[in-house]
Amino acid sequence: MSVFVAVQCDDFCLASEYDELRRHSACGAVVTFSGLVRELSNNILHSMTLEHYPGMTEQALVAIAEQAQQRWQLGAVHIIHRVGTLKTNEQIVFVGIASAHRAAAFAACEFIMDYLKNRAPFWKKEHTAAGDYWVEAKASDQQALARWE
Amino acid sequence: MSVFVAVQCDDFCLASEYDELRRHSACGAVVTFSGLVRELSNNILHSMTLEHYPGMTEQALVAIAEQAQQRWQLGAVHIIHRVGTLKTNEQIVFVGIASAHRAAAFAACEFIMDYLKNRAPFWKKEHTAAGDYWVEAKASDQQALARWE
Amino acid sequence: MIKIRFFAALRERLDCSQYLLQCDSNSQSVATVLEQLKGHDSLWHQELSRTDLLCAVNQQLVPLSAAVRDGDELAFFPPITGG
Amino acid sequence: MIKIRFFAALRERLDCSQYLLQCDSNSQSVATVLEQLKGHDSLWHQELSRTDLLCAVNQQLVPLSAAVRDGDELAFFPPITGG
């Protein structure tokens, strides 16, 4: 089982991550999640800035990966989260899982995203035509944790 | 909502599929599943041949994509399934979903794989040191459908 | 005529991928056709009696109670193992 | 000394990212420290009274009942919105 975690300003390349994940030859399933800066329907979002708590973020991501590893049989877990200013359609976050079986790969990938959304210290500030504002936490993200408990 | 379905001998490129999926600018989430020919622990698997029912397979995949589309708000669905002879670690199947929200993207991707495993007419024959044999259907694949009903 | 197709392990065991069946009535159930096919010989009888057999009429999965009409394509195959 | 850090909207509203607090006792709860910080002024009192405030001691999420010791790093921040 290998864990790779990165917090970075630079963009990431899904293809490179996938190529590493599929190298685990006992793994028949690779699931990836990519989170992107979404263009809002009213089109007022210009960009967003991601703030984080350096040091704590990396530890939190490793802890989340390890929790997933304890619950499911996984070959590899990759988590990348970007910080800094990102424009519409840019990549924010990547989670990739390699596992022998698809059910474990899907569950671990969704589990990691649900925990990351609640436990990894990142905050989004949106820059819009109407001004800058901090994104409010969503109740749905908190509720998403319930099913894993 | 766009649906793309392919049944082909040729390999596919995850990066190209992903680049198309993330073009849906209202989508904040892209989930991909890749199924690979798994190296068995006893290392006896040389390759496998995938047989299918030409005509029916394409229809079945489109029908599964449409069912997913009816259940969740999706921006794009891509399904690619290979046929012919594949070696260890080669890609067999790809399902990619773009959606506004991650929960829908995860659910639709897993739903499509669960239905594909039971409803799309593909059959695997494994070529091993001990001879060739048809893969037996797994009870776990049938059980996986239950939660969607 | 009904065009009958067999796939995968079933195709290999019957050593037959296509079979044209003379159609007496306008409409009959898949189950009726299956009984006719079982009469072919003891091997066919055994293979086509498997309870896990799947069937499709005009490339749509259907239960054995479904109707088959003259000109239809009927297919039998073992449980699916793709993906 | 306890090193206190604020992040995101809280950091902006307090206009403060770091704050060093003289530590009187060897060990105290996060809640006790929080009460001390609220005494800073009415703005701090208001902002640090929010019920959705999260806190970390030495970069681990903890409840307000957790202990803080001399030399620890204590952080307060609003609910997380990454991913």
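Proteins get letters first, then strands, A, B, ... in listed order; numbering begins at 1 in each.
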Should the heavy atoms of other residues, nucleotides or ligands under 6.0 Å from [atom1] of [X] be counted, would the total exceed 12?
{"X": "B:Glu136", "atom1": "CD", "result": "no"}
{"X": "B:Gln73", "atom1": "CD", "result": "no"}
{"X": "B:Asp11", "atom1": "CG", "result": "yes"}

Please look at [X] and chain C and tell me whether the side chain, the backbone, both or neither of the residue comes under 4.5 angstrom of a heavy atom of that chain.
{"X": "B:Gln142", "value": "neither"}
{"X": "B:Leu116", "value": "both"}
{"X": "B:Lys138", "value": "neither"}

Exercise for the section: For the residue pair C:Pro78 and B:Trp123, establish whether any side-chain heavy-atom pair is separated by less than 4.5 Å. Expected result: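 Result yes, sub-4.5 Å side-chain heavy-atom pair found.
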
Problem - B:His52 vs C:Phe7 side-chain heavy atoms within contact, under 4.5 Å - result: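 With C-beta onward as the side chain, the pair stays apart.
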
Supply the atom-to-atom distance [X] [atom1] to [Y] [atom2], rounded to the nearest 0.5 angstrom.
{"X": "B:Lys124", "Y": "C:Ile80", "atom1": "NZ", "atom2": "CD1", "result": "12.0 Å"}
{"X": "B:Tyr53", "Y": "C:Gln59", "atom1": "OH", "atom2": "CD", "result": "4.5 Å"}
{"X": "B:Arg119", "Y": "C:Gln60", "atom1": "CZ", "atom2": "CD", "result": "12.0 Å"}
{"X": "B:Met48", "Y": "C:Thr81", "atom1": "CE", "atom2": "OG1", "result": "8.5 Å"}

Problem - C:Ala8 versus chain B, the contacting section by heavy-atom distance below 4.5 Å - result: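 Looking at C:Ala8, backbone and side chain both touch chain B.
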
Problem - Criterion side chain to side chain contact (heavy atoms under 4.5 Å, CB included) on C:Phe77 and B:Met56, from CA distance to verdict - result: CA-CA 12 Å; C:Phe77 40 81; B:Met56 179 173 167; 4.2 Å; yes

Problem - Pick from B:Phe33, B:Phe122, B:Phe94 with the largest number of heavy-atom pairs that fall under 4.5 Å of chain C - result: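 Sorted descending by pairs with chain C, the first entry is B:Phe122.
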
